[in-house]
Q: 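Just dropping this structure here.
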Amino acid sequence: MSPIEQPSTPQTEAELLDRAQALAGLTLGELAQQAGIVPPPDLRRDKGWVGQLLEWHLGATAGSKPVPDFIELGIELKTIPIGYHGKPLETTFVCVAPLIGLHGLDWQHSHIKHKLAKVLWIPVEGERDIPLADRHVGSPLLWQPSEEEEQQLRQDWEELMDMIVLGQVEQITAKHGEVLQLRPKAANNKALTEAYGANGQPIKTLPRGFYLKTHFTAAILAKHFII
DNA sequence: GTCTGATCATAA
DNA sequence: TTATGATCAGAC
């Protein structure tokens with residue numbers, strides 16, 4: 001057996017798209033075999049497995065660094081689990097929400113705006129009754145937020161950040177926001193980080209992340225594939 | 001059936 | 001602990 005090398009990094013957007021398109025229709029089992037790895041029985045203990053498998057095939061290099069998957073192209077790769085009805089099964093994690101040091105932070109300079117500036121979505125069958133190795137990869141979609149989409153994101157972001165600045169982070173639930181929600185993003189409920197309390201004093205709370213609601217990502221996919 | 005809060009693995 | 005990659009699973 002010769003060692004398996006990761007495919008090279010695409011140099012252009014077109015090349016990345018071509019290569020993503022070439023993966024469409026294949027199963028995760030086939031892709032795992034090409035990468036020389038064995039699919040886990042389920043994703044319970046490997047929630048990021050699908051995303052990392054696709055990153056490998058497309059030659060993403062960022063690893064766990066806080067930069068886009070394809071640095072040169074400024075493109076972020078996201079896999080999205082799809083149900084039998086063609087709609088996303090899960091919300092999409094975007095990034096962790098800053099809870100302190102927010103003075104002067106606005107939407108234009110937010111981490112989330114930059115994360116979502118250009119995203120390569122790759123739908124993957126996600127129904128739990130389909131064995132992981134048998135799930136098919138779908139057609140990729142390169143997306144940039146429309147003005148309307150960005151406006152929706154910005155509005156929710158500003159509402160949520162206002163609450164965080166006012167020390168109301170613990171009053172925020174997943175119901176806040178139309179397209180963007182704030183939910184815990186942690187290893188467990190013992191992992192704490194610093195935030196503002198109601199009176200401006202520091203408190204310890206669960207790290208939070210921004211997630212795109214399924215109806216928002218469903219609309220993105222629908223706009224591209226159904227029209 | 002859907003949603004929300006909780007959780008899992010790994011690297012640095 | 002924070003960053004990456006997300007899905008699980010009980011509540012509703």
Side-chain angles (χ1 to χ4, degrees), chain A residues 6 9 20 28 31-32 35 37-71 75-101 110-112 114-116 119-133 135 137-138 156 160 163 169-195 202-218:
Chain A
Q6 182 185 18
T9 301
L28 297 182
L31 294 180
I37 57 180
V38 178
D42 57 56
L43 297 177
R44 226 172 316 178
R45 290 177 174 274
D46 298 88
K47 299 182 197 287
W49 188 81
V50 178
Q52 285 161 0
L53 179 64
L54 272 292
E55 283 184 352
W56 186 90
H57 276 275
L58 294 175
T61 53
S64 65
K65 293 191 286 291
V67 295
D69 296 301
F70 299 97
I71 310 175
I75 294 175
E76 177 72 19
L77 173 68
K78 290 214 165 289
T79 58
I80 184 163
I82 300 297
Y84 294 124
H85 44 46
K87 292 197 296 185
L89 287 170
E90 295 286 349
T91 53
T92 300
F93 170 71
V94 183
C95 63
V96 170
L99 300 181
I100 54 169
S110 67
H111 194 183
I112 186 169
H114 294 291
K115 267 277 181 187
L116 295 177
V119 179
L120 181 66
W121 298 98
I122 300 190
V124 177
E125 285 180 334
E127 293 286 0
R128 291 184 206 177
D129 61 7
I130 305 176
L132 191 55
R135 298 182 190 174
V137 174
D156 285 348
L160 293 167
M163 291 186 72
V169 64
E170 299 195 313
Q171 275 65 60
I172 298 175
T173 72
K175 293 185 182 62
H176 288 85
E178 287 299 317
V179 300
L180 197 64
Q181 59 184 189
L182 194 76
R183 310 212 313 269
K185 163 63 175 175
N188 54 57
N189 66 1
K190 305 292 184 276
L192 300 177
T193 192
E194 199 153 272
I203 61 170
K204 286 290 190 177
T205 191
L206 235 39
R208 312 299 162 104
F210 288 115
Y211 294 78
L212 299 177
K213 294 193 173 188
T214 53
H215 74 79
F216 184 74
T217 48

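Naming convention: chains lettered A, B, ... in sequence-line order (proteins, then strands); numbering from 1 in each chain. These numbers come from a predicted model, not from an experiment.
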Q: At under 4.0 Å between heavy atoms, what does A:L89 touch on the DNA or RNA strands: base, sugar-phosphate, or nothing?
A: nothing
Q: Just list the side-chain donor-acceptor pairs under 3.5 Å for residues 173-180 of chain A, sequence neighbours left out, or say none.
A:
from, atom 1, to, atom 2, distance (Å)
A:T173, OG1, A:K175, N, 3.1
A:H176, ND1, A:T173, N, 3.1
A:H176, ND1, A:T173, O, 3.4

Q: Sugar-phosphate atoms are those with a prime plus P, OP1 and OP2; base atoms are the rest. Using that split, label each nucleotide of nucleotides 3-11 of chain B B, S or - for protein heavy atoms under 4.0 Å, 5' to 3'.
A: -SBBBBS--
Q: Which residue pairs satisfy the side chain to side chain donor-acceptor pair (under 3.5 Å) criterion with at least one member in residues 207-217 of chain A, sequence neighbours excluded?
A: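 For residues 207-217 of chain A: A:T205-A:R208.
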Q: For residues 42-51 of chain A, pull every pair meeting salt bridge (charged side-chain N to carboxylate O under 4.0 Å, His left out), keeping only residues two or more places apart or in separate chains.
A: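 Every pair satisfying salt bridge (charged side-chain N to carboxylate O under 4.0 Å, His left out) with a residue in residues 42-51 of chain A: A:D42-A:R44.
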Q: Please check if atom NZ in A:K115 has more than 12 non-hydrogen atoms from other residues, nucleotides or ligands closer than 6.0 Å.
A: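 Yes.
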Q: Taking side-chain hydrogen bond (donor to acceptor under 3.5 Å, both in side chains) as the test, write out the residues that go with A:E55, two or more places apart.
A: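 A:E55 satisfies side-chain hydrogen bond (donor to acceptor under 3.5 Å, both in side chains) with no other residue.
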Q: Taking 5' to 3' order, which nucleotide of DNA chain C is first and which is last to have an atom within less than 4.0 Å of a heavy atom in chain A?
A: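 Range of nucleotides within reach of chain A: C:dT1 to C:dA9.
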Q: Please enumerate all residues that pass side-chain hydrogen bond (donor to acceptor under 3.5 Å, both in side chains) together with A:S110, with sequence neighbours excluded.
A: none
Q: Mind checking side-chain hydrogen bond (donor to acceptor under 3.5 Å, both in side chains) for A:Q181 and listing every partner two or more places apart, or none if nothing turns up?
A: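 A:Q181 satisfies side-chain hydrogen bond (donor to acceptor under 3.5 Å, both in side chains) with A:R183 once adjacent residues are dropped.
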Q: Note down the inter-axis angle between the two ends of the helix from B:dG1-C:dC12 to B:dA12-C:dT1, five pairs each, to the nearest 10°.
A: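 The angle, to the nearest 10 degrees, is 30°.
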Q: List for me each residue that meets side chain to side chain contact (heavy atoms under 4.5 Å, CB included) alongside A:P81, sequence neighbours excluded, and say none if there are none.
A: A:L89, A:E90
Q: Excluding sequence neighbours, so at least two apart, what forms side-chain hydrogen bond (donor to acceptor under 3.5 Å, both in side chains) with A:D129?
A: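 Applying side-chain hydrogen bond (donor to acceptor under 3.5 Å, both in side chains) to A:D129 gives A:Y84.
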Q: Taking only residues two or more places apart in sequence, or in another chain, which ones meet A:F216 in a ring pair (Phe, Tyr, Trp, His ring centres under 6.0 Å)?
A: none
Q: For A:E194 and A:E55, take the nucleotide of DNA chain C holding the closest heavy atom to each; which residue's nucleotide lies nearer the 5' end?
A: A:E194
